[in-house]
*Asks:* 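Below you'll find the structure I mean.
Quick note: residue numbers are just sequence positions, from 1.
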Amino acid sequence: MRSAVEGTVTVAAREGATVTRGQALYERDDKPVTLLYGPVPAFREMRAGCRGSDVLQLERNLLALGYGAGLYVDPRFDRATEAAVKRWQKSLNRTPTGRVGKGDVVFQPDQVKVASADAALADQVGPADPVLTVASTRPVVRAELDQGDVSLTAKGTRAEVELPSGRREPGRVTGTAAPEASGEAEDGGPGDTVTVEVALDGGRSVAAGEDSRATASVTFVSEPRGRPRGPGGGGGGPARRTRRLRPPGRTRRHLPHGAGQDRHDGRRQDRGQRLGDHGGHEGGGGDPMTPEPALSPSVVVELRDVTKSYAGGVHALRGVSLTVRAGELLAIVGPSGSGKSTMLNVIGTLDKPTSGTVRVAGHDVGALSDARLSALRARHIGFVFQHFHLAAGRDAVDNVADGLLYAGVGPKARRARAREALERVRLGHRLGHRPSELSGGEKQRVAIARALVGEPSVLLADEPTGALDTASGEIVMDLLHELNGTGTTICVITHDHDIAASLPRRVRFRDGEIIADSGPRCRTAGEAG
């Protein structure tokens, strides 16, 4: 971990200590730097008026720690949040300011173990100076898989680990290792392998002695989604693939204090590799429209030197390069004619660039046939438009189910998943209502559910509040923050600077070029340093 601000270490990290939610990792200037749980990095001061996924997970932590009396958990930092923060600060013997300063907390997915203290007592530390190294407390096995097997890296994929002693233990894929551990080529380019991590469900006690040092055998169980199973269905149940993996052990993380975490924590890294469900159809049973992935699964969108020109010498995009990682929430902001809508169309594969490279969910868009491009769009990209585009004569369930028409999902399954998606956007009480019976904000939430029902790699929201009043717009933006808090990658295209300011990352466009980017172009904050 690296310090987010300048200061003096007044209590150093204790090597070997296990730190859980609410406990101090170390102290800087006599103030505890506290561990909280969550996937979104602590990248700013959180105070009244702030809004975002970081606020949402802060409130969840306050509630879990017992300071959330009267607190409604949502992405808004309001008076109730301020009061909860003050109660928490008093418990730490800190001045109850009601604000969470940058560097006051570190968000991690779970408890950690201090592997080493990189800054000693009385050391002066500044931004990006290393303070401590932490490790996961869960037993993990690792393996390098070929890029063709990246579907096995889907977070949550079930696995069965056969330990050297012969015992079999259940586990699940937690994600992929940091890029430097994933077989990168010596020249700095991406390697041909992906390092996948599997955590054992039973905890450290299940892998001790020789089991913790020798090679294990892991069977991945891939369950195809949206395809018929059983006799005549071509599925026939879950497919199983076996790989020999490294012995169980703790996964070491070098994490920027207050900046984020390495992407091997696996937040939604599965969403980059669902085109065809490679793992579920061995022996030629895969989707004929399935292109092979070509990026690390943590990269959802990558543009490299993209241009777009039209007849008459109009240059809508001028050498644009942008990288969006899994789980990001960003605003693409600029005035009319700046190029932001053109970039939306290019990312969404609705338009082709004049030059440059566009990759979505690991697939080179320019190399795909029309059929494969349609498959990519149907399975990896969700669209939310300003004017909803709902079918007037169909109820909310049918409108959302239409989002799966080209995903190979049967009618009954489409409607079941549509109902689940509507519940997710808090419209379970409006399932049978037609658009004419819904408010503007409810229509947009139906549109968001339609975009989410296929579990896309990225959600593209084009001026999602443009046709709404202020109150309805706030509800929609709160929902987007909440969805991002659960791992959904979202790009919001807007000209509204207030909306852009509420998002963790802002990419500003002018005259077809990116003129400012509050986040890194080629890597996330969690990989900095």
*Asks:* For Thr81 and Glu59, does a side-chain donor sit closer than 3.5 Å to a side-chain acceptor?
*Replies:* yes
*Asks:* Look at Glu513 together with Arg508 and state whether they make a salt bridge at an N to O cut-off of under 4.0 Å.
*Replies:* no
*Asks:* Looking at every non-hydrogen atom in both residues, tell me the closest pair between Lys443 and Pro435 and how far apart they are.
*Replies:*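 Heavy-atom minimum between the residues: CE-O, 2.9 Å.
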*Asks:* Would you please classify the geometry between the Phe385 ring and the Phe383 ring as parallel, tilted or perpendicular, with 30° and 60° separating the classes?
*Replies:*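 Aromatic pair Phe383/Phe385 classed parallel.
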*Asks:* As an exercise, state the distance from NE2 of His495 to CD1 of Ile499, rounded to the nearest 0.5 Å.
*Replies:*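 It comes to 8.0 Å.
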*Asks:* Look at the side chain of Ser374 and the backbone N and O of Asp370, then say whether any donor-acceptor pair between them is shorter than 3.5 Å.
*Replies:*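 Yes.
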*Asks:* If you count every heavy atom of other residues, nucleotides or ligands that lies below 6.0 Å from Asp511 atom CG, does the total exceed 12?
*Replies:*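 Check fails, neighbour count at 12 or below.
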*Asks:* Give the intermediate values and the outcome of side-chain hydrogen bond (donor to acceptor under 3.5 Å, both in side chains) for residues Arg424 and Thr488.
*Replies:* CA-CA 12 Å; Arg424 190 176 176 189; Thr488 303; 3.2 Å; yes
*Asks:* So does Arg430 pair up with Asp395, basic N to acidic O under 4.0 Å?
*Replies:*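 The answer is no: the pair does not qualify as a salt bridge.
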*Asks:* Could you check whether any side-chain N or O of Ser472 sits under 3.5 Å from a backbone N or O of Asp469, counting only pairs where one atom can act as donor and the other as acceptor?
*Replies:*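 No; judged by distance alone, with no hydrogens or angles, the pair does not exist.
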*Asks:* Indicate yes or no: does Asp517 engage Arg505 in a salt bridge with an N to O separation below 4.0 Å.
*Replies:* yes
*Asks:* I want to check something: taking the side chain as every heavy atom from C-beta on, are Asn61 and Tyr67 in contact at a cut-off of under 4.5 Å?
*Replies:* no
*Asks:* When rounded to the nearest 0.5 angstrom, what is the spacing between CZ in Arg417 and CD in Glu455?
*Replies:* 6.0 Å
*Asks:* Considering the options Ile493, Ile514, Ile515, which one meets the side chain to side chain contact (heavy atoms under 4.5 Å, CB included) requirement together with Phe509?
*Replies:*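 One option only clears the test, and that one is Ile514.
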*Asks:* Taking all atoms of both residues into account, what is the closest heavy-atom pair of Gly98 and Val85, and its distance?
*Replies:* C-CG1, 3.7 Å
*Asks:* Short question: side chain of Arg377, backbone of Thr349 - any donor-acceptor pair under 3.5 Å?
*Replies:*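 Yes; at least one donor-acceptor contact below 3.5 Å.
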*Asks:* OG of Ser518 to CG of Leu503: how many Å apart, nearest 0.5 Å?
*Replies:* 9.0 Å
*Asks:* On a heavy-atom basis, which atom in Ala449 and which in Val425 lie closest, and how many Å separate them?
*Replies:*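 Closest approach of Ala449 to Val425, heavy atoms only: CB-CG2, 3.9 Å.
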*Asks:* Please indicate whether Arg87 has more than 12 foreign heavy atoms, meaning atoms of other residues, nucleotides or ligands, lying under 6.0 Å from its CZ.
*Replies:* yes
*Asks:* Side-chain donor-acceptor pair under 3.5 Å between Thr307 and Ser355, yes or no?
*Replies:*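 Their side chains do contain a donor-acceptor pair, which is all the 3.5 Å distance test asks for.
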*Asks:* Between Arg450 and Asn399, do the side chains contain an N or O donor and an N or O acceptor separated by less than 3.5 Å?
*Replies:*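 Note: Arg450 and Asn399 side chains miss the donor-acceptor criterion.
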*Asks:* Heavy atoms only: give me the nearest Arg414-Val409 pair and the separation to one decimal.
*Replies:* NH1-O, 2.8 Å
*Asks:* Check the pair Arg304, Ser321 against side-chain hydrogen bond (donor to acceptor under 3.5 Å, both in side chains), reporting the backbone distance first and the verdict last.
*Replies:* CA-CA 4 Å; Arg304 285 290 175 265; Ser321 294; 4.5 Å; no
*Asks:* I want to check something: taking the side chain as every heavy atom from C-beta on, are Leu62 and Val73 in contact at a cut-off of under 4.5 Å?
*Replies:*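 They are not in contact (no side-chain heavy atoms under 4.5 Å apart), so the answer is no.
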*Asks:* Only pairs at least two apart or in different chains count here, so list each salt bridge (Lys or Arg N to Asp or Glu O under 4.0 Å) that has a residue in residues 336-352.
*Replies:* Lys308-Asp351
*Asks:* By the definition side chain to side chain contact (heavy atoms under 4.5 Å, CB included), identify the one residue from Ile347, Asn345, Val384 that meets it with Leu460.
*Replies:* Ile347
*Asks:* Would Asp110 and Arg21 pass as an ion pair if we require N to O under 4.0 Å?
*Replies:* no
*Asks:* Would you say Arg318 and Ser309 are linked by a side-chain donor-acceptor pair, where the criterion is simply a distance under 3.5 Å?
*Replies:*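 Checked: Ser309/Arg318 side chains show no N/O donor-acceptor pair below 3.5 Å.
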*Asks:* Check side-chain hydrogen bond (donor to acceptor under 3.5 Å, both in side chains) between Asp478 and all other residues, then give those that pass, not counting sequence neighbours.
*Replies:*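 Checked Asp478 against side-chain hydrogen bond (donor to acceptor under 3.5 Å, both in side chains); matches are Arg51, Arg76.
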*Asks:* Would you call Arg44 and Asp54 a salt bridge, using N to O less than 4.0 angstrom?
*Replies:*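 A salt bridge links Arg44 with Asp54.
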*Asks:* Does Asp462 reach the main-chain N or O of Val492 with its side chain, forming a donor-acceptor pair under 3.5 Å?
*Replies:* no
